[in-house]
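Hydrogens, waters and symmetry mates play no part in the numbers below; they use all other heavy atoms, side chains included.
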Amino acid sequence: MTQGKFSTSPQERYLEDYVEGDIHELGPVAITEDEIVRFGKTFDPQLFHTDPEGAKNTVYGGLIASGWHTCGLFMRLFVQHYLPGRASLGSPGVDELRWLKPVRPGDELTLRITVHRVKPSRSKPDRGVLFSFCEMLNQQRDVVATMMAMNLIRYRDRG
């Protein structure tokens, strides 16, 4: 697992540790046919997520992961290796979520994050908002999904 340019572990990280323009790559994480089918049957029961044989007759020509499954894999890497442990205060959401290419069994996904913007709060000086442009890449380095994540994060020694 690559930590990017951070000089601190996630548990020691605060808002001032995020530098606009820095790029961090995390992963890879592999995805299996069994995981795709299990997730699909539980959360997104469309034929191309749940039935390897039936999926061959769809526009995708085979089984693909749900976009929500891809988001779950993103979240695992994001929380384990990018977000600060103690300083994270949650998120108001994500913007511009896009699923660009199918994710298939056997793919290995890497999360590439660009620190887009660090915005101090005007009303609460102990925190700010971290805007992170996130791209999931497959093993061929094709971008399969993108989103702009927003996270509320504390500063180390303010407030």
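Ion pairing between Arg141 and Glu25 holds under the 4.0 Å rule for side-chain N and carboxylate O.
Note on Tyr60 and Leu109: separate hydrophobic clusters, where clusters join Ile, Leu, Val, Met, Phe, Trp and Tyr whose side-chain heavy atoms are under 4.5 Å apart, directly or indirectly. A continuous path of hydrophobic side-chain contacts links Phe133 to Val129 [ILVMFWY only; heavy atoms under 4.5 Å]. Under the 4.5 Å side-chain contact rule for hydrophobic residues, Leu73 and Trp68 share a cluster.
At distances below 3.5 Å, not a single donor-acceptor pair connects side-chain atoms of Arg98 with backbone N or O atoms of Thr146. Using a distance-only test at 3.5 Å, with no hydrogens or angles considered, a donor-acceptor pair links the side chain of His49 to the main chain of Ile64. Of the possible donor and acceptor atoms, none in the side chain of Ser66 sits under 3.5 Å from a partner among the backbone N and O of Asp44.
In this structure, Phe39 has its ring center closer than 6.0 angstrom to the ring center of His69.
Scanning all heavy atoms of the two residues, the minimum distance from Glu12 to Asp17 falls at O-OD2, 3.9 Å. Summarising the geometry of Ser88 relative to Leu83, their closest heavy-atom pair is OG-CD1, 4.1 Å, with the distance given to 0.1 Å. The two residues Ile113 and Ser132 make their nearest non-hydrogen contact at CG2-CB, 3.7 Å.
Classified by interplanar angle (parallel below 30°, tilted 30° to 60°, perpendicular above 60°), the ring pair Phe6/Tyr18 is perpendicular.
No hydrogens or angles considered: a donor-acceptor pair under 3.5 Å links the side chains of Gln139 and Asp107.
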